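The structure that follows is given in the form of structure tokens.
Every value quoted in this text rests on a predicted model; they were computed, and no experiment measured them. Basis for what follows: all heavy atoms, side chains included, without hydrogens, waters or symmetry-related copies.
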Amino acid sequence: MKKYLIILLLVSFFPSGMMSATASGPIRILDLRALNDWNLKEKERAEQLWDIMHTTATLQGIVNRITPQLYIRYVKNGQGENVDDYWWNKYRKAGQWLAGRDTIAYTELTDVVTAYRKVIRGVVVYDSKVASTSNIASSIAGIEDLIAVRYDISPNSLYTRLVLQGPKLAVKCWLVNKDGSSLFTGRGKIAGTDKLSTGSLKIDPYVWFIEKYLKKGLCNTEYAAYYIDQFWRTDPTRTVTNHHQLTNHDFFVSKKAFFFDLSPWEDESATDDPIQKKGLDLQILKTFLQEAYKQNKREKFCYIGGFPSWIYKYTQHAGGKHEDVATEWEFSRIISAYNAFKDADAIGLGALANASFWQHFPLQDSYPQKWVTYQELMDRGYLNRDGTINFQGRNFILFYVGDYDSSSWIAQTTPFLWDEPSRGTVPLMWSVSPVLAERVPMVMHNYRVTATPNDYFAAADNGAGYLMPGMLQEPRPISGLKSGLDVWAKHCSKYYRKWGLTITGFVIDGEAPGLDQDGLDCYASFSPNGIVPQKIPLTLLHKDMPVIRADYDIVDHDYHKATDVIEERVGKRPIPFHWFRAILKSPSWYKGICDELKQRQTNIELLDAPTFFELYRIYLKQNPDAAKGVITMN
């Protein structure tokens with residue numbers, strides 16, 4: 001009894017991250033790297049990989065919920081480097097978080113499951129023939145501390161090895177009949193409910209889950225996960241093979257989140273369920289979001305991990321009628337109307353493992369950044385003694401260095417972008433969503449403690465999470481809800497304070513309304529040194545917050561051609577301040593542009609973010625037309 005009381009005192013006194021960092025006992029490491037070499041064009045291999053990764057992720061979510069106990073080695077980035085090894089090795093060094101921790105190595109999942117047999121309550125078994133049941137299984141796994149296993153009685157299947165043989169784990173939840181026939185049929189009443197079938201094999205399991213779990217308050221509606229279901233198995237090589245994204249499930253299982261894979265489109269049937277009535281997916285998506293909003297009591301946002309799997313579903317790539325970006329924007333527009341945002345694990349770099357483990361990483365209390373002073377601007381020759389800007393015929397540019405609005409993207413790209421030797425040679429505004437600290441705090445910490453004086457940080461789109469802020473403004477026709485701006489300001493302020501952020505590097509408005517006065521007030525409250533929206537006048541000063549309209553994306557990998565675009569665009573704009581966005585470009589690419597601008601003897605100068613926005617604010621104050629937003633393009 002005394003020992004139990006001491007443990008309770010420790011848990012109440014120390015933050016969860018610190019308790020985790022000092023946790024006793026070995027870390028179990030499951031090596032799954034060999035799966036990267038499997039030929040997934042073989043149906044059996046694809047099924048085996050799916051099963052291993054799904055069961056592993058749900059197991060991790062359970063055992064890593066309180067302390068970091070289970071780590072896997074699996075995800076490779078586009079450069080062929082194992083990302084899980086990269087981060088493990090970094091924090092395994094002397095003096096780092098994982099130094100000195102004992103480890104036990106495994107290569108067989110069944111051995112790890114056996115080791116944790118007393119921790120898990122049993123198994124949730126789902127149906128191979130009804131794709132959506134895999135996401136329902138992940139939801140239930142987190143809620144009931146069960147591991148997800150696909151029904152398959154073939155001799156080498158995980159179901160056979162874990163349920164029928166081996167440890168013979170108890171099945172606590174069946175999403176398929178015990179004889180393997182489908183529990184959900186798309187006819188009559190939905191099993192175990194008084195609800196009539198929607199006529200859709202895909203949607204009926206979601207209705208069942210909503211009735212049995214969501215509406216009963218059994219989920220943690222502050223978290224949700226938007227990842228592809230078993231449909232992935234129909235063509236596992238359509239993109240990078242780790243885009244099953246099962247590795248991403250563990251964090252959300254640990255949070256007892258709800259999982260879904262639904263189309264945001266009202267004007268067509270979901271491409272993976274063409275017989276359903278138009279907009280049925282969207283109807284269920286809205287039900288999820290409405291219930292989350294209700295249970296969060298309007299006080300908190302719902303954090304959604306994931307992104308439309310556009311190469312598989314819901315776009316022209318999959319036989320639909322909508323383009324990729326349009327689908328991204330529509331999903332963003334819908335979730336924003338219900339006070340939800342996404343951590344955008346998009347295709348290509350969308351796989352992330354071990355977030356349930358890394359969530360316990362002990363961050364510093366704060367990561368402050370210094371703003372530029374008037375005296376410094378004078379000393380550097382940017383301000384005259386009378387306070388006017390010393391342009392000397394120059395045009396000033398700023399790069400939005402992105403897109404770091406995704407935990408998976410930032411974790412995968414660090415080895416070949418952040419670690420590139422050229423970083424620090426030119427000033428860069430690294431635009432990183434601070435909410436990524438929830439899943440990859442070790443990445444965020446590493447960025448800050450290894451940053452050079454030329455590395456400055458702003459928030460990525462659109463603050464502490466990717467949503468469309470215009471959908472937070474009243475009226476909100478999709479949801480009919482009250483304004484969410486005050487809740488968004490409170491949510492973002494917490495993250496901006498911790499990470500020393502005062503700039504929002506880009507605001508994606510998409511097909512949503514632009515920021516109105518209330519929206520601008522909202523951003524001024526937590527991003528006082530600047531924002532860059534799409535649907536705004538070219539220039540604007542709002543309550544001392546400088547606002548500049550987003551301009552061109554620079555996409556060419558050849559920095560000579562990129563420089564051509566910059567020169568052309570600067571020549572057309574009627575103001576001496578210019579913002580450009582680039583995605584996943586290397587520090588050497590930016591340096592190449594700067595060198596090229598100098599070699600061509602242009603009047604274009606790249607500034608650091610504080611200097612750019614402070615000079616721009618001064619310019620707006622000294623040019624009333626610009627401050628009022630009445631300057632237009634020629």
Side-chain angles (χ1 to χ4, degrees), residues 14-23 27 60-61 63-72 75 83-93 95-99 101 222-223 225 247-255 257 301 303-305 341-345 349 351-369 404-415 417-419 430-451 455 457-460 463-466 491-501:
F14 290 103
S16 61
M18 292 304 294
M19 279 295 293
S20 302
T22 59
I27 296 171
Q60 275 194 298
V63 303
N64 288 339
R65 180 174 288 144
I66 305 302
T67 58
Q69 299 185 49
L70 177 58
Y71 197 87
I72 71 168
V75 174
V83 179
D84 304 318
D85 286 353
Y86 173 90
W87 290 110
W88 174 269
N89 292 336
K90 182 176 291 294
Y91 290 106
R92 186 68 167 163
K93 293 176 182 177
Q96 297 297 327
W97 184 48
L98 300 173
R101 288 293 300 273
E222 292 179 35
Y223 293 90
T247 51
N248 302 50
H249 286 217
D250 67 313
F251 174 85
F252 296 99
V253 169
S254 80
K255 295 297 186 182
F301 272 76
Y303 177 141
I304 301 175
F341 64 84
K342 65 186 173 191
D343 178 345
D345 297 338
L349 299 169
L352 176 71
N354 299 304
S356 63
F357 183 97
W358 289 111
Q359 68 179 318
H360 301 291
F361 181 87
L363 292 167
Q364 296 173 191
D365 290 338
S366 64
Y367 295 84
Q369 294 190 103
Y404 301 110
D405 56 4
S406 160
S407 292
S408 65
W409 279 40
I410 194 173
Q412 286 202 37
T413 58
T414 298
L417 290 181
W418 181 259
D419 288 353
W430 296 88
S431 298
V432 182
S433 172
V435 83
L436 306 188
E438 297 293 325
R439 287 200 289 161
V440 289
M442 76 294 187
V443 184
M444 302 285 283
H445 175 80
N446 176 65
Y447 270 35
R448 292 308 182 88
V449 299
T450 62
D455 298 314
F457 296 91
Y466 177 2
H491 166 81
C492 289
S493 294
K494 176 182 70 171
Y495 288 98
Y496 277 53
R497 283 194 302 269
K498 183 175 182 70
W499 294 97
L501 302 174

- Short side-chain donor-acceptor distance under 3.5 Å, Ser407 and Asp343: yes

- Query: Does Lys255 use its side chain to pair, donor to acceptor, with the backbone of Ser356 at less than 3.5 Å?
  - Reply: no

- Message: Quick check: closest heavy atoms across Thr247 and Ala351, and the distance to 0.1 Å?
- Response: OG1-CB, 4.1 Å

- Examine the side chains of Asp250 and Asn64 and answer whether a donor and an acceptor come within less than 3.5 Å of each other.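 No, because no side-chain N or O of Asp250 sits under 3.5 Å from a partner of the opposite role on Asn64.
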
- Side chains of Asn354 and Met442: does their closest heavy-atom pair fall under 4.5 Å?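 Result no, sub-4.5 Å side-chain heavy-atom pair not found.
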
- Query: Asp455 versus Tyr447: any side-chain heavy-atom pair under 4.5 Å?
  - Reply: no

- What distance separates Arg101 CZ from Tyr71 OH, expressed to the nearest 0.5 Å? 13.0 Å

- Which heavy-atom pair separates His445 from Gln364 by the least distance, and what is that distance?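 Shortest heavy-atom contact: CE1-OE1, 3.7 Å.
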
- Item | Side chain proximity check, Leu501 to Pro434, heavy atoms < 4.5 angstrom |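 Contact flag for Leu501/Pro434 side chains = yes.
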
- Message: I'd like to know if the side chain of Lys342 and the backbone of Tyr303 have a donor-acceptor N/O pair within less than 3.5 Å.
- Response: no

- CH2 of Trp499 to CE of Met444, rounded to nearest 0.5 Å, is 4.5 Å

- Query: Which class fits the ring pair Tyr223 and Phe251: parallel under 30°, tilted 30 to 60°, perpendicular over 60°?
  - Reply: perpendicular

- Using 30° and 60° as the class limits, which term best fits the ring planes of Trp88 and Phe357: parallel, tilted or perpendicular? tilted

- Query: Is the closest side-chain heavy-atom distance between Thr414 and Trp87 below 4.5 Å?
  - Reply: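 Sidechains of Trp87 and Thr414: in contact.
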
- Query: Rounded to the nearest 0.5 Å, how far apart are OH of Tyr496 and NE2 of His491?
  - Reply: 9.0 Å

- Criterion ring pair (Phe, Tyr, Trp, His ring centres under 6.0 Å) against Tyr91, the qualifying member of Tyr86, Phe361, Trp97: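 Exactly one option meets the ring pair (Phe, Tyr, Trp, His ring centres under 6.0 Å) with Tyr91, and it is Phe361.
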
- Query: Backbone N or O of Leu352 within a donor-acceptor pair of the Asn248 side chain at under 3.5 Å?
  - Reply: yes

- Message: To check you understand the geometry: which heavy-atom pair defines the closest contact between Leu363 and Pro441, and what is its length?
- Response: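 Result for this residue pair: CD2-O, 3.5 Å.
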
- Task: Check the angle between the aromatic planes of Trp430 and Trp418 and answer parallel, tilted or perpendicular using the 30° and 60° thresholds.
- Result: perpendicular

- Message: I'd like to check the salt bridge (Lys or Arg N to Asp or Glu O under 4.0 Å) partners of Glu438; sequence neighbours left out, ordered by chain and number.
- Response: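 None.
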
- Heavy-atom pair of closest approach, residues Tyr495 and Ala464: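 Taking Tyr495 first and Ala464 second, the nearest heavy atoms are CD1-CB, 3.7 Å.
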
- Query: So, Ser433 side chain and Gly465 main chain: donor-acceptor pair closer than 3.5 Å or not?
  - Reply: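 Such a contact is found between Ser433 side chain and Gly465 backbone.
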
- Task: To the nearest 0.5 Å, tell me how far Ser493 OG sits from Lys498 NZ.
- Result: 15.0 Å

- Message: Quick check: closest heavy atoms across Tyr466 and Ala344, and the distance to 0.1 Å?
- Response: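 Minimum heavy-atom separation between Tyr466 and Ala344: CD2-CB, 4.2 Å.
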
- Would a 4.5 Å heavy-atom cut-off, applied to side chains only, mark Val253 and Gln60 as touching?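 No, side chains not in contact.
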
- Message: Are the side chains of Tyr404 and Leu417 in contact, using a 4.5 Å heavy-atom criterion?
- Response: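 A side-chain contact exists here, since the closest heavy-atom pair is under 4.5 Å.
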
- Exercise: identify the closest heavy-atom pair between Ala353 and Asp84: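 Shortest heavy-atom contact: CB-OD1, 3.5 Å.
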
- Working to the nearest 0.5 Å, report the span between CZ of Arg439 and CH2 of Trp358.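 Between Arg439 CZ and Trp358 CH2, I get 15.0 Å after rounding to 0.5 Å.
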
- Quick one: does Ser406's side chain have a donor or acceptor within less than 3.5 Å of a partner on Ser408's backbone? yes

- Inter-residue atom distance Arg448.CZ - Thr450.OG1, 0.5 Å rounding: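 So the gap between those two atoms works out to 10.5 Å.
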
